[in-house]
Every structure is written in structure tokens, then in C-alpha cells.
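Heads up: the structure comes next, in C-alpha cells.
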Amino acid sequence: MFGLDYSWLSDPVYQGWLLRGTLNTIGLALASSAVAVLIGTFGALALSLRIAWLDALIELFVELFRNTPPLLQMLFFYFTLSTIGLRVTDPVTGLSVPLLSAFDCALVSLSFFGGALCIEAFRSGLESLPRSVNEAARSLGYSRWGRFRRIEVPIASRICLPALTNILTNLFKTTSQASVITVPELMYYAGQIYNDTFRTAEVMLLVLLIYVSLVSVLSWGMSRIERALAFPGYGKGH
Amino acid sequence: MNRTNALIELDAVTKSFASFEVLKGISLSVKDGEAVCIIGPSGSGKSTILRCINGLIPIDGGRIRVGEIEVHKLRSEKEMRPLRHRVAMVFQQYNLFPHRTALQNIMMAPVQVLGHDRREVEERAHRLLAKVRLSNKADAYPGQLSGGQQQRVAIARALAMEPQVILFDEVTAALDPETVKEVLTAIRELVDEGLTCILVTHEMKFAREVAERVCFTDHGRIVESGPPAQIFDAPQDPRTREFLGQVL
Amino acid sequence: MQWPLTYHEKKRVVQLAIVLALAGWIAADALLGGAAYWQRVWLRLPLLLTGSGSGWPLTGGFALNIFLGLGSMALAAIMGTLLAFGMMAKSRLVRLPCFFVMNFLRNSPWLVLLFAMLYIIPFNVRLFGVSIAVPAFVKAVIGLSLPTAANFAEIIRGAVQSIHSGQWEAARALGYMPMAIYSRIILPQALRRMIPGWMNLYALLMIATSLATVTGIQDVLTTLNTLLSMENERVIVYFYITTLFLFFAYCYPIALLARRMEQSVKGDTL
């Protein structure tokens with residue numbers, strides 16, 4: 001009953017699919033992570049200015065994306081953005097086609113989802129700075145911007161790193177859901193392979209292993225960065 | 001006292017947090033080169049007085065003057081900059097920046113805020129580290145230093161701004177008894193050199209030795225002030241007597 | 001309200017304005033022809049919520065997502081507690097495998113785990129000579145409970161470790177035995193810190209139940225897809241917004257409550 005058959009793995013076609021899928025997954029994860037961190041940085045920066053109307057809008061964005069399924073967000077972007085007008089006319093064929101491809105939709109939706117998580121994490125990182133540190137900076141004559149740039153951000157970014165690791169691994173794992181809107185990443189090719197070979201359990205086990213390895217490498221790398229950037233001796237006493 | 005030669009002057013300063021009136025009309029003047037100790041029960045507004053003098057907390061009423069700067073008229077952080085250059089502060093919790101070494105902590109503000117020449121500041125920082133007897137810890141991070149060492153770095157950091165006045169806010173309250181001495185020694189040397197100092201402290205013995213004048217505060221008012229011998233040996237006000245009876 | 005407004009009052013006003021603007025926009029859209037679309041959504045709402053056109057019995061739709069979430073959470077609580085105690089065991093022989101399992105589950109994507117369970121768990125299980133069919137719903141519950149259990153265990157471990165070591169020393173000095181220290185000193189304190197974490201986890205799990213559509217059960221997404229195949233393109237937007245709102249309306253209050261509790265827990269210890 002547990003005899004697993006991996007003979008299909010010797011087929012170069014399937015090897016190619018797995019490789020291409022893995023590369024696409026990594027590409028999607030990297031791109032959406034980069035945009036998410038950008039969104040998070042600017043969002044948290046804007047929040048720290050404490051402009052009431054801007055904050056209300058940003059918080060709405062954060063709560064909307066944090067409290068709805070990323071899968072549904074992706075489907076929403078995929079199926080509705082083209083119907084509500086985001087279409088262009090293909091210059092070659094003259095047909096009206098969606099402006100955003102499946103990959104673009106996945107990228108946009110994952111970036112927004114990750115960005116919402118990043119804003120929240122960066123905001124709480126900035127808020128967790130002891131008020132006394134801020135007071136010391138003020139008494140040394142730092143301006144608002146100087147304080148932000150030279151003291152708050154360097155310290156807060158270290159405080160945020162563990163949360164950022166969580167978000168980035170979460171985002172990496174969530175890229176698998178892009179297969180539902182036919183983005184040709186690892187999960188998508190997995191489906192292709194077991195449709196061909198009917199070796200569902202074997203394919204899923206292998207894919208699961210690939211994902212776990214990649215995510216483990218990512219979180220290991222992040223913890224290395226955390227350690228390299230940690231302030232010597234900081235936080236031991238408290 | 002002659003009012004014109006006072007370096008710092010507070011006149012009927014009031015301050016409330018929400019509905020709680022912390023300062024109920026504080027008047028105080030400090031001459032250039034004078035060391036003044038503020039003592040009193042906790043919650044009597046001692047730390048708030050210091051924070052008002054260097055503008056960390058805006059006041060509700062009254063006037064504060066440091067040199068020719070009218071502190072109560074300053075509105076923005078930018079306008080406060082000359083004041084911050086003139087008045088430095090050392091905190092109870094040291095408040096060193098954890099992401100910079102001891103030397104960098106001392107150099108940061110003079111270079112980044114005052115725009116002084118980096119090489120000159122570095123020389124100054126090394127000199128100050130030697131002064132607080134921490135030359136061997138220049139490259140240590142705050143997290144690697146003991147409380148007393150951190151506090152001495154904080155004093156050096158305040159001195160690096162080349163201030164006219166230093167405010168000490170219960171700087172030994174968070175320290176172990178054996179490290180208190182090393183910090184007090186460093187402060188005593190500054191006072192002896194003639195730097196103007198205002199100290200909020202619980203160390204009565206130290207206050208008696210180092211201060212030229214002691215002010216006793218209670219419930220947002222300065223109840224009594226005078227030379228240490230008078231305050232400690234012959235207090236006039238019953239509240240002062242009660243407080244000293246408890247702590248001595 | 002007093003003039004000038006404080007920051008928080010201003011924010012409230014803007015939030016109110018956003019809600020009003022949204023309502024106004026929906027009303028304007030309804031007047032401009034959206035009303036017909038909203039009517040289609042309204043017609044299908046019982047089906048979306050309960051899986052049956054009349055609104056009863058609860059055979060699918062969003063109700064099934066809720067059942068799925070509750071079932072997975074219950075299973076995850078049992079497995080997670082065992083895993084947590086395993087991770088805190090004295091013996092390395094117990095501790096290390098538990099850590100490995102926890103990390104493996106936490107590092108695997110929910111969707112992939114769900115698929116893997118779907119295909120690895122056989123369709124029929126032989127128990128005492130009787131063949132029992134395993135329904136897709138059970139597979140979905142198991143598939144979702146695995147990563148939840150790992151997170152559940154990590155919340156327990158984190159909360160127990162956050163209790164200051166002085167508490168252990170004090171309890172030992174008072175003559176408590178190790179088990180009694182856990183049950184009378186550490187866990188009562190840690191529990192207060194675990195509850196917000198568990199609530200957040202439940203909200204996360206609820207969001208993840210949307211993935212169960214891949215197992216073919218009649219959850220809200222499957223129902224939605226079936227419905228949409230019969231609707232025109234334009235209506236799809238309205239259906240998606242409605243479904244997104246269902247999840248938001250369910251998960252946001254939980255997350256909000258969890259945050260409140262986190263704040264209140266923050267103050268109670270050093």
C-alpha cells in the first residue's frame with residue numbers, strides 16, 4: 001500500500017517541468033516580497049507622520065488584506081480587474097485582452113497581501129521603541145527626520161526582522177495558491193505531472209518536500225541575517 | 001540672588017498632565033558654574049522640571065530662560081536646536097543607542113546634529129572616554145557594558161555636545177550600589193571643573209557634598225531651598241523635616 | 001466632541017467618511033444599473049451562506065467553512081498540545097523529533113499540505129475488518145489541522161517560555177514539584193498570553209478554509225464557482241465582493257478582539 005513509485009522522475013520532461021516550476025515559484029516569491037517590503041516601508045513611514053486621514057486609509061487597506069483569503073484576493077484580481085475595464089487592445093490581433101496576465105495578477109495580489117502584513121509589522125516595530133530613546137535623541141538636538149533616519153529606523157528594523165522573516169516565509173508559501181489562477185509555478189506543474197502519470201501521492205510528497213526545503217532555506221538565511229545585524233549584547237538584560 | 005547674572009531662570013512655571021497639575025509655579029534661578037541639587041519625594045515633579053528646562057516638555061504657564069534663549073517661546077524642534085546644544089541631559093535609564101558603539105554614541109550628535117568636523121569630534125570623544133575612565137571600551141556596544149559603564153558613556157555623550165549646562169535625572173537610581181560610586185565620581189569632577197549642573201537625585205550624602213544649593217520639592221512646588229548645610233541640618237519646613245527623617 | 005479634534009477623533013471622522021463614501025458609491029452604482037446585479041447576489045446569498053437555496057439545511061457554503069474551521073481547530077488543539085509538551089520534554093529523544101515535525105509543518109504551504117493529505121489518505125480505511133469511506137470533508141479537516149497544530153504548539157511554547165525564570169525558581173524554592181509548577185504557576189500565567197495567539201490562529205485558519213475548495217467539498221468558494229458559471233461577466237465582481245466581505249466580517253472582529261486582549265495582557269507582568 002505504501003509502495004511509492006518514483007520511476008516517472010527519470011523522465012527529462014517532468015524534470016524540466018519541476019525545475020521550471022521551482023524557478024517560477026522563486027521568481028514570484030522574490031518579486032512579491034520586494035514589492036511587499038516597499039509597500040510596508042512607505043506605509044509605516046506614512047503612519048508615523050500621524051496624519052489622520054492618511055492613517056485611516058492605510059489602516060483600511062491593511063485590515064482588508066489581512067482579514068480576507070489571499071486565494072480569494074487573487075481570484076478577485078484575476079477575474080474582475082479585466083471586466084471592470086483594465087483591458088488593452090492587442091496591436092497585432094486587434095482583440096481586446098486583459099491588461100494583466102495571470103502572473104501579474106498573482107504578483108499584484110501577493111504584493112498587496114504581503115505589503116499589508118509588512119505595514120503592520122513595521123509600524124509595531126517603530127512603536128515598540130522605548131520612548132526614552134526618543135527623548136535622548138531629542139535632548140541631543142536631533143530633528144524629527146534626523147531622529148527617524150539615524151535612530152528610529154536603524155533600531156526598529158532590527159526589532160522587525162523576526163516578524164519580517166515570518167511574513168516572507170508566509171508569502172513564499174502563499175505563492176503556491178497562484179496555481180489556482182494558472183500561474184505556471186511549482187504547484188501548477190505538479191498538477192500537470194500527476195494528470196500525466198496518475199502518481200498523485202508521490203508527486204505531492206515530492207512537491208511538499210521541495211517547498212519545505214525552500215522555505216527552510218529562506219528562514220535559515222533570514223535568521224543568519226538577524227544574527228549578523230543584531231546589536232552585541234542587546235536585549236539580554238530585559 | 002542677583003537676577004541678571006543667572007544662567008538659568010524659571011519663573012512661576014506650571015505644567016499639567018491631563019488634569020493632574022505636576023508643577024504649580026516653580027521659580028528657580030541657577031548661576032553660571034553653580035551645582036544645584038533637587039530632592040524630594042517621587043512624583044513631586046523633580047524630573048519634570050529638568051524636562052521643561054531643555055524643552056522636552058512644553059510648559060503651560062510661566063517663563064523659562066536659559067542664557068538669552070526664551071525656552072517657553074520655542075515652538076518647533078528646529079528652534080530648540082541652539083537650546084539642545086547648550087543644555088545636555090543624562091537620563092536614569094542611560095538611553096544609549098543600542099545600535100552604535102560607545103565611541104559612536106558619543107560622536108553621533110556632534111557630527112550629525114551640530115555638523116562638527118568628524119576628526120575633531122573623534123579626538124574629543126576619545127578624550128571624554130578617557131575622562132570617564134572607559135578608554136578601553138570605545139568599541140563596545142551598550143549591551144556589552146555594565147550599567148555604571150553605560151551611564152559614564154552617557155555622561156561623555158552629553159559632554160561631547162560642549163554644553164554650558166548638564167541636567168542629571170536620577171542618574172544613579174537604576175545602578176548597583178557598587179557602580180554608583182564610579183558615576184558619582186565622574187559627576188563630582190565635572191562640578192569641580194565649574195560646569196553648571198542641575199541634579200535630581202536620591203543620594204543625599206552626595207547632594208550634601210557636591211551641591212552649592214539644595215532645593216526640596218513637594219507636590220509641584222519648591223518648598224525650601226538653601227545651602228546643603230542649612231537644608232540637611234536645620235530644615236525650616238515641616239515637610240522637609242519629614243522627608244529627610246524618612247530617607248536619612 | 002471638542003474643537004480642535006484630537007488625532008483619534010479625526011481618524012474616527014475619516015473612517016466614518018470612508019464608510020459613507022462606500023455606501024454612497026454602492027447606492028450610485030445601484031442607481032446606474034447595479035441594482036439588477038445586487039438583486040442576483042441577494043437571490044443567491046442563501047446558497048452562498050448555507051449551500052442550500054432556501055437557507056436550510058446547512059449543507060455547504062460559508063457555513064461549511066465555519067464547520068471546517070471549528071473541526072480543524074479542535075483537532076489542532078489536541079495535536080498541538082501534545083506536540084508542545086513534546087517540544088518542552090526533558091529528553092532529547094522526544095524533543096528533537098517534535099521540533100522537526102513542528103518546523104516541517106510550519107514550513108509547508110497550507111495548500112500543498114492539503115493536496116498531499118487529499119491524495120495520501122486513502123479513500124477507504126479498513127478498521128476491524130470494516131471498510132470505512134473517508135469523506136473529502138474529513139481529509140480537509142486533517143489537512144488544515146496539521147499546520148494549525150504546529151502553530152498552536154509554537155504559541156504554547158512561546159507563552160510558557162515568556163514566563164520569567166524567576167517564577168520557576170520561586171516555585172521550586174516553595175517546594176512545588178515540577179508538574180505542580182506547570183499546572184499551578186506557569187500555565188495559569190501563560191494561558192492568558194496564549195489565548196490571543198490562538199484567536200489569531202483561528203482567524204488565520206478560517207481564512208485558510210477557502211483553500212479546501214480543492215478537495216471538492218461544497219464550501220463557499222466551490223459554491224461561488226458553480227454560481228459564477230451561470231452568471232454573466234459583470235455580475236462576477238459583485239459576487240466576489242460579497243464573498244470577500246463574508247470572510248472579512250467573520251475574521252476582522254476576531255482579530256480585533258485578539259488585539260484588545262494582547263494589549264491587556266501586555267500590562268500584567270514584567
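For clarity, every value in this text was computed on a predicted model and none was experimentally measured. Residue numbers begin at 1 in each chain, while the letters A, B, ... track the order of the sequences. All heavy atoms count here, side chains included; hydrogens, waters and symmetry mates do not.
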Inter-residue atom distance A:Leu57.CG - C:Gln15.CD, 0.5 Å rounding:
9.5 Å
CA sep, side-chain torsions, deciding dist, call: A:Asn166, C:Arg106, side chain to side chain contact (heavy atoms under 4.5 Å, CB included):
CA-CA 10 Å; A:Asn166 262 337; C:Arg106 263 168 60 99; 4.0 Å; yes
Is A:Leu60 close to chain C through its backbone or its side chain, or both, or neither, when contacts mean heavy atoms under 4.5 Å?
side chain
Please state whether the side chain, the backbone, both or neither of A:Leu218 comes within less than 4.5 Å of a heavy atom of chain C.
neither
As an exercise: rank A:Val203, A:Leu205, A:Asp55 by heavy-atom pairs under 4.5 Å with chain C and give me the winner.
A:Asp55
List in chain and number order the residues that pass ring pair (Phe, Tyr, Trp, His ring centres under 6.0 Å) with A:Phe103, two or more places apart in sequence or in another chain; answer none if no residue qualifies.
none
Structural part of A:Phe172 lying under 4.5 Å from a heavy atom of chain C:
neither
Is C:Leu256 in contact with chain A via its backbone, its side chain, both, or neither, using a 4.5 Å heavy-atom distance?
neither
Nearest heavy-atom approach of A:Asn67 to C:Ala255 is OD1-CB, 3.7 Å
Do any of residues 111-133 of chain A have a heavy atom less than 4.5 Å from a heavy atom of chain C, and if so, which, in residue order?
none
Contact between A:Gln177 and C:Leu211 at the side-chain level, heavy atoms closer than 4.5 Å - yes or no?
yes
Heavy-atom check, side chain of A:Glu202 versus side chain of C:Tyr119, under 4.5 Å
no
Most heavy-atom pairs under 4.5 angstrom with chain A, which of C:Tyr240, C:Phe247, C:Phe104?
C:Tyr240
Can you tell me how far NZ of A:Lys173 sits from CG of C:Leu113, rounded to the nearest 0.5 angstrom?
9.5 Å
The single option from A:Leu209, A:Leu208, A:Val212 passing side-chain contact (heavy atoms from CB on, under 4.5 Å) against C:Val112
A:Leu208
Quick one: does C:Ser210's side chain get under 4.5 Å of A:Leu71's, heavy atoms only?
yes
Counting only heavy atoms closer than 4.5 Å, note whether A:Thr174 contacts chain C via side chain, backbone, both or neither.
neither
Is chain C contacted by the side chain of A:Ser179, its backbone, both, or neither, given a heavy-atom distance below 4.5 Å?
side chain
Please indicate whether C:Arg260 has more than 12 foreign heavy atoms, meaning atoms of other residues, nucleotides or ligands, lying under 6.0 Å from its CZ.
no
One pair to check against side chain to side chain contact (heavy atoms under 4.5 Å, CB included): C:Phe115 and A:Val207. What are the steps and the verdict?
CA-CA 10 Å; C:Phe115 259 115; A:Val207 168; over 6 Å; no
Counting C-beta onward and ignoring hydrogens, is there a side-chain heavy-atom pair between C:Thr209 and A:Pro69 closer than 4.5 Å?
no
Quick check for you: among C:Asn103, C:Ile121, C:Asn107, C:Leu105, which has the greatest number of heavy-atom pairs under 4.5 Å with chain A?
C:Asn107
Which of A:Ala190, A:Ser213, A:Ser216 touches chain C most, by non-hydrogen pairs under 4.5 Å
A:Ser216
From C:Leu228 CG over to A:Leu75 CG, what is the distance, rounded to the nearest 0.5 angstrom?
9.5 Å
Could you give me the CA-CA distance, side-chain angles and deciding distance for C:Thr213 and A:Val180, then say whether side chain to side chain contact (heavy atoms under 4.5 Å, CB included) is met?
CA-CA 10 Å; C:Thr213 182; A:Val180 175; over 6 Å; no
Distance (rounded to the nearest 0.5 Å) between A:Thr68 OG1 and C:Phe245 CZ
12.0 Å
Could you tell me which portion of C:Ala116 (side chain, backbone, both or neither) has an atom closer than 4.5 angstrom to a non-hydrogen atom of chain A?
both
Heavy-atom nearest pair, A:Ala52 first then C:Lys11, reads O-CG, 3.7 Å
Between A:Arg50 and C:Tyr7 the two heavy atoms that sit nearest each other are NH2-CD2, 3.0 Å
Quick one: CG on C:Leu244 to CZ on A:Phe65, what's the gap to the nearest 0.5 Å?
9.0 Å
Structural part of C:Ile18 lying under 4.5 Å from a heavy atom of chain A:
side chain
